[in-house]
Amino acid sequence: MQELISFIKQAVLQISYELKFPDTSYEKSQNHTGDTQLKFDILSDKIIEKTLSQCPKIKALISEEKEEMLLINDEAEFIVAYDPLDGSSLMDVNFAIGSIFAIYEKSPKASNLKAAVYSVYGPRIELVVCEDVACLYRLNQKDEFVLIKELKMLEKGKINSTGGTQKNWDKKHIDFIKALFDEGYRLRYSGAMVSDVHQILLKGGGLFSYPATKDAPKGKLRAFFEVFPLAFIIEKAGGKTSNGENFSLLELEFNDIHSTTPCFFGSNYEIEKLLKAYT
Ligand code: AFP
């Protein structure tokens with residue numbers, strides 16, 4: 001696993017170099033889900049594909065930017081699903097964005113997740129790597145990722161980060177979010193899931209949610225490369241997750257690699273409150 005993670009670090013480092021002087025324009029074509037792609041989305045995808053293809057441990061790659069899984073080495077054991085540039089619509093405003101990686105053994109299923117990694121390209125380059133515990137690393141001047149600390153969620157947080165178009169929320173979500181604000185929670189939402197969840201993890205608590213909405217009844221965020229890896233990290237750090245009905249996002253199963261799900265990530269208090277409000 002360490003060898004595989006070192007390839008991910010190389011790809012992250014390369015993307016972080018390219019981000020210093022990026023082309024922030026859009027391609028004329030669209031991807032398979034009909035999204036107009038940034039040139040930088042495609043560049044990040046190419047960097048990750050090229051770097052990870054050299055890792056002998058990787059059987060296949062699943063990219064948010066590609067319709068099909070890419071087979072690399074049938075004999076190898078791990079499948080890496082990745083979002084090359086999460087929050088790319090924030091590139092023009094120079095907010096923090098990131099890359100997310102889920103490492104599955106044998107086949108892509110939440111129960112086969114062995115590790116998850118994400119990077120944050122902000123004022124600093126940070127990496128969270130999680131096998132059994134979630135560890136924060138920072139890039140130093142020698143281009144090395146230096147371990148800073150283990151990350152742990154507290155029992156309860158203070159921030160509330162919720163996505164989706166509010167006019168399309170249903171009443172139970174409106175009431176639940178209002179109840180958190182009435183209790184004193186403060187709004188924190190950038191529009192890059194990786195940065196918003198990173199904030200909750202670093203502050204030790206709070207809630208990130210992207211609910212089912214009238215226009216997106218199955219949510220917006222993608223299970224295999226966004227939701228599962230971040231749920232794995234939050235739960236290993238002592239937090240909780242749910243889709244609004246169950247006790248963990250990691251219980252969910254999907255056949256389509258581009259499936260989406262409503263999702264909630266937080267500390268114990270907020271997820272218990274969610275389950276009482278929702279069920
Ligand atoms: P992009 O990568 O296309 O910018 O999408 C980002 C994202 O998938 C996730 O990072 C955000 O939490 C979510 O979309 C924001 O969506 P809303 O703009 O609907 O809140």
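When reading the values below, keep in mind they use all heavy atoms of this one structure, side chains included, and skip hydrogens, waters and symmetry mates. Along the sequence shown, the residues carry numbers beginning at 1. Note that ligands are numbered from 1 as they come in the structure, with each ligand's atoms numbered from 1 the same way.
Ranking protein heavy atoms by distance to atom 19 (O) of ligand 1, first place goes to Tyr210 OH, 2.6 Å. Regarding atom 3 (O) of ligand 1, its nearest protein heavy-atom neighbour is Ser88 OG, 4.1 Å. Protein heavy atom nearest atom 10 (O) of ligand 1, with residue, atom name and distance: Met193 N, 2.7 Å. Closest protein heavy atom to atom 20 (O) of ligand 1: Tyr189 OH, 2.5 Å.
For atom 16 (O) of ligand 1, the nearest non-hydrogen atom from the set Gln166, Gln37, Met91, Lys220 comes from Lys220. Considering each of Gly87, Gly164, Gly191, the one bringing a non-hydrogen atom nearest atom 2 (O) of ligand 1 is Gly87.
Between Lys273 and Glu183 there is a salt bridge, since a side-chain N of the basic residue sits under 4.0 Å from a carboxylate O of the acidic one. Look at Asp45 and Lys66 and you find a salt bridge, because one of the NZ, NE, NH1 or NH2 atoms lies within 4.0 Å of a carboxylate O, short of that distance. A salt bridge links Arg138 with Glu126: at least one charged nitrogen is closer than 4.0 Å to a carboxylate oxygen.
Residues Glu105 and Asn112 bring no donor and acceptor atom of their side chains to less than 3.5 Å of each other.
Atoms OH and CD, from Tyr26 and Gln37 in turn, are 11.0 Å apart once rounded to the nearest 0.5 Å. Rounding to the nearest 0.5 Å places CG of Leu207 at 7.0 Å from CG of Leu274.
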Glu131/Lys236 under salt bridge (charged side-chain N to carboxylate O under 4.0 Å, His left out): CA gap, chis, key distance, verdict: CA-CA 8 Å; Glu131 283 183 81; Lys236 291 281 185 189; over 6 Å; no
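Shown in contact with Ser89 at under 4.0 Å from a heavy atom are these atoms of ligand 1, numbered in order with element: 4 (O). Residue Ala192 has at least one heavy-atom neighbour below 4.0 Å for each of these atoms of ligand 1: 10 (O). Taking every heavy atom of Glu226 and a limit of under 4.0 angstrom, the matching atoms of ligand 1 come to 8 (O). Shown in contact with Leu85 at under 4.0 Å from a heavy atom are these atoms of ligand 1, numbered in order with element: 2 (O). Here is the list of ligand 1 atoms found below 4.0 Å of a heavy atom in Arg222: 8 (O).
Scanning both residues, Pro56 and Asn73, for their nearest heavy atoms gives O-ND2, 3.5 Å.
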